[in-house]
J.: 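Sharing a structure, written as structure tokens. Questions coming.
For this chain, numbers begin at 1 and follow the sequence in order. Note that these values count all heavy atoms, side chains included, but never hydrogens, waters or copies made by symmetry.
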Amino acid sequence: MKGIQYVEPLVMLATLIRLFFFAALSGIVVGTGVTLFLKVLLFTLQQTGHISLWMQMLLLPIGGLLNGLVLYYGNQRLSNQSDSFIAAVNLHSGIMPLKPLAIKPIAALITLSSGGSSGKFGPCAHIGGTVASLFGQLLHLKPEIQKIMVVCGISAGFSSVFGTPIAGAIFGVEVLTIGRIRHDYIFPAVVASVIAVGISKLASIPYPTYTIISSSSFSEDLFMKMIILGILCGISAWIFIELLQQIKLLFNTVQRSFHLWQPFIPFLGGVLLSILILIIPTDYLGLSIPIMNHALNGDEVPYCSFLWKALFVAITLGSGFYGGTVTPQFVIGALSGNVFAHLLGISPVLGSEVGMVAVVAAASNTPIAAIFMGYELFGSVTGLYAVIACITAYIVIGHRSVYPDQLVIYKKSLWMYLHPGIELGKENIHFSYSLLKRIERMRHHHRDGH
């Protein structure tokens with residue numbers, strides 16, 4: 001044992017060097033790949049960003065049909081293995097199928113350039129995870145290192161998109177499970193993220209800067225209001241997830257009931273969006289960055305704005321367009337935070353900033369990453385209040401997520417019962433026996449009282 005005691009620091013140093021090498025490799029290749037995708041995306045958005053309403057109404061169904069065709073005929077050549085980056089780490093030893101790498105980024109470009117309401121992290125995470133997985137396979141890495149490569153790819157993809165290397169690193173680790181974080185993944189994830197962001201900045205990928213709120217003292221009253229804001233943002237995230245699930249179920253039911261050709265379903269989604277923009281502003285199409293920035297600047301936004309954005313995203317993704325969900329979470333969070341800030345009597349700038357990260361904490365089950373994002377994007381004052389709002393929203397959302405393949409390791413409430421280690425979408429979560437007994441006693445007491 002004494003020999004091990006003295007040799008162990010050298011072994012850990014060698015481990016650190018090894019992790020740094022693989023993380024740096026992931027950061028370079030993923031940062032390059034994601035930067036190329038973002039460059040192409042910026043170019044396509046510039047071509048379609050200022051079209052007329054009628055042209056937009058025509059483009060949405062066309063984009064839906066093209067999405068359907070690309071995904072339908074592309075997926076016909078794929079194996080049955082899931083291409084989820086979460087499943088790759090949790091269930092498949094870091095192995096991701098390579099063929100979707102040529103399909104999903106194209107589908108995402110079509111979605112966003114045609115006005116589909118979605119985000120850009122999904123395709124970037126897919127690029128990051130798949131490219132990192134490919135390099136791991138080429139190097140014949142062991143499963144544990146292979147999984148680290150994929151985590152580095154996810155983290156680097158997130159960081160390149162949003163310019164937040166620490167939050168991106170934590171997100172790539174935290175999003176895998178509910179209730180547990182693999183600390184041994186954090187160092188390589190941070191290294192990969194920092195390198196990827198550096199490459200994106202060298203390529204002049206634009207990252208927004210936000211208002212930094214300065215304050216000399218901590219307010220207990222404001223802290224308590226942030227708990228309420230966290231509850232409301234958790235409910236906003238719950239509405240978003242529920243809309244996404246129910247509208248997807250609706251389109252699937254329509255497809256099965258009328259035996260419709262699968263690529264035709266996103267076309268119907270595009271038609272529905274085209275009808276909606278006759279009565280709802282087009283602000284909620286695409287990435288919706290302008291209206292999110294209005295909210296973050298403290299400008300007044302419509303009270304139903306976060307509901308409209310959630311509805312547009314649910315129709316887009318639920319009908320079969322391909323895209324990400326993190327940017328929509330930012331938009332929904334900023335809009336809902338702005339609206340609720342006016343109701344709570346707090347600064348709409350602070351409310352929007354905290355709401356932006358609180359919805360991500362809830363909908364993605366990543367409160368720690370969201371807290372770091374609050375600090376990285378908005379500074380220490382917002383980050384301080386974001387802590388309680390993010391954790392509150394994370395609890396309020398319960399056991400649901402935009403990523404149904406997250407593994408549930410620890411339940412969020414002692415009054416809930418579940419089997420640990422099962423995918424969230426496959427878990428039958430129900431109330432614990434003790435809570436059911438307590439409810440039954442309350443019923444008897446209420447009956448006896450009458």
J.: Taking all heavy atoms of S364 and all of V175, pick out the closest pair and write down the distance.
T.: O-CG2, 4.3 Å
J.: Should we say atom CZ of F372 is surrounded by more than 12 heavy atoms from elsewhere, each under 6.0 Å from it?
T.: no
J.: Answer whether the closest heavy-atom distance between the side chains of V313 and F240 falls below 4.5 Å.
T.: yes
J.: Do N365 and K412 have side chains that get closer than 4.5 Å, going by heavy atoms?
T.: yes
J.: First locate atom CE of M96, then atom CE of M149, and finally report the distance between them rounded to the nearest 0.5 Å.
T.: 13.0 Å
J.: Just do the side chain to side chain contact (heavy atoms under 4.5 Å, CB included) check on C124 and L38 with the steps written out, would you?
T.: CA-CA 8 Å; C124 290; L38 292 175; 4.0 Å; yes
J.: Between CG of N67 and CZ of F267, what distance do you get to the nearest 0.5 Å?
T.: 13.5 Å
J.: Do you know which two heavy atoms are closest between L65 and P263, and how far apart they sit?
T.: CD1-O, 3.9 Å
J.: If you compare all heavy atoms of G153 against all heavy atoms of A132, which two are closest, and at what distance to 0.1 Å?
T.: CA-CB, 4.1 Å
J.: With the side chain counted from C-beta on, respond yes when T316 and T111 share a heavy-atom pair under 4.5 Å apart, and no when they do not.
T.: yes
J.: Between T44 (side chain) and L41 (backbone), is there a donor-acceptor pair under 3.5 Å?
T.: yes
J.: Evaluate the criterion side chain to side chain contact (heavy atoms under 4.5 Å, CB included) for residue pair L141 and I148; output intermediate values, then yes/no.
T.: CA-CA 10 Å; L141 300 179; I148 289 174; over 6 Å; no
J.: Does the T48 side chain pair with the main chain of S113, one donor and one acceptor, at a distance under 3.5 Å?
T.: yes
J.: Look only at the side chain of N338 and the backbone of A334, and say whether a donor-acceptor pair between them is shorter than 3.5 Å.
T.: no
J.: Do I170 and I371 have side chains that approach each other closer than 4.5 Å (heavy atoms only, starting at C-beta)?
T.: no
J.: Run the side chain to side chain contact (heavy atoms under 4.5 Å, CB included) test on Y403 and T325 for me, step by step, so that the C-alpha distance in whole Å, both residues' side-chain angles and the decisive distance to 0.1 Å come before the verdict.
T.: CA-CA 9 Å; Y403 303 111; T325 60; 3.8 Å; yes
J.: Between L287 and F330, does the side chain to side chain contact (heavy atoms under 4.5 Å, CB included) criterion hold? Intermediate values first, please.
T.: CA-CA 10 Å; L287 294 170; F330 287 160; over 6 Å; no
J.: What distance separates R180 CZ from Y410 OH, expressed to the nearest 0.5 Å?
T.: 8.0 Å
J.: List in chain and number order the residues that pass salt bridge (Lys or Arg N to Asp or Glu O under 4.0 Å) with K104, two or more places apart in sequence or in another chain; answer none if no residue qualifies.
T.: D83
J.: For residues L176 and Y185, determine if any side-chain heavy atom of one lies less than 4.5 Å from a side-chain heavy atom of the other.
T.: yes
J.: Please report the shortest heavy-atom distance between S236 and S336, naming the atom on each side.
T.: OG-CB, 3.6 Å
J.: Quick one: does E376's side chain have a donor or acceptor within less than 3.5 Å of a partner on A167's backbone?
T.: yes
J.: Ignoring hydrogens and angles, write down the donor-acceptor pairs under 3.5 Å from the side chains of residues 253-262, residues two or more places apart or on other chains.
T.:
unit_1: T253; atom_1: OG1; unit_2: L249; atom_2: O; d: 2.8
unit_1: Q255; atom_1: NE2; unit_2: L260; atom_2: O; d: 2.8
unit_1: S257; atom_1: OG; unit_2: T253; atom_2: O; d: 2.7

J.: So, for L42 and P206, which heavy atoms are closest and what is the spacing to 0.1 Å?
T.: CD1-CD, 3.8 Å
J.: When you measure from the side chain of S288 to the backbone N and O of D283, does any donor-acceptor pair fall under 3.5 Å?
T.: yes
J.: If we ignore hydrogens and angles and just use 3.5 Å, is the side chain of Q329 paired with the main-chain N or O of A362 as donor and acceptor?
T.: no
J.: If you take all heavy atoms of G320 and P266, which pair is closest and at what distance?
T.: C-CB, 4.0 Å
J.: Is the backbone N or O of G94 less than 3.5 Å from a side-chain atom of S133, with the two atoms forming a donor-acceptor pair by type?
T.: yes
J.: So F321 and L71, do their side chains get closer than 4.5 Å, heavy atoms only?
T.: no
J.: Does the side chain of F312 reach to within under 4.5 Å of the side chain of I280, using non-hydrogen atoms?
T.: yes
J.: Evaluate ring-ring contact (aromatic ring centres under 6.0 Å, His included) for Y385 paired with F218, printing each intermediate quantity in order.
T.: CA-CA 9 Å; Y385 291 114; F218 175 78; 5.7 Å; yes
J.: Heavy atoms, side chains only, cut-off 4.5 Å: are L232 and L343 in contact?
T.: no
J.: Can you tell me how far CD1 of I154 sits from CD1 of I127, rounded to the nearest 0.5 angstrom?
T.: 13.5 Å
J.: Donor-acceptor pair, E174 side chain versus A369 backbone, under 3.5 Å?
T.: yes
J.: Side chain of K309, backbone of L335: donor and acceptor closer than 3.5 Å?
T.: no
J.: Enter the distance from K120:NZ to L112:CG here, rounded to the nearest 0.5 Å.
T.: 9.0 Å
J.: Could you tell me whether the side chains of S159 and S193 share a donor-acceptor contact shorter than 3.5 Å?
T.: yes
J.: Would you give the length of the straight line joining atom CG of L273 to atom CG of L311, rounded to the nearest 0.5 angstrom?
T.: 8.0 Å
J.: Relative to the ring of F171, is the ring of F121 parallel (under 30°), tilted (30 to 60°) or perpendicular (over 60°)?
T.: perpendicular
J.: Side-chain atoms of residues 14-37: list all donor-acceptor pairs with protein atoms under 3.5 Å, sequence neighbours left out, distances to 0.1 Å.
T.:
unit_1: T15; atom_1: OG1; unit_2: V11; atom_2: O; d: 2.9
unit_1: S26; atom_1: OG; unit_2: F22; atom_2: O; d: 3.1
unit_1: T32; atom_1: OG1; unit_2: I28; atom_2: O; d: 2.7
unit_1: T35; atom_1: OG1; unit_2: G31; atom_2: O; d: 2.6
unit_1: T35; atom_1: OG1; unit_2: S200; atom_2: OG; d: 2.9

J.: In this structure, are over 12 heavy atoms from other groups packed under 6.0 Å from K248 atom NZ?
T.: no
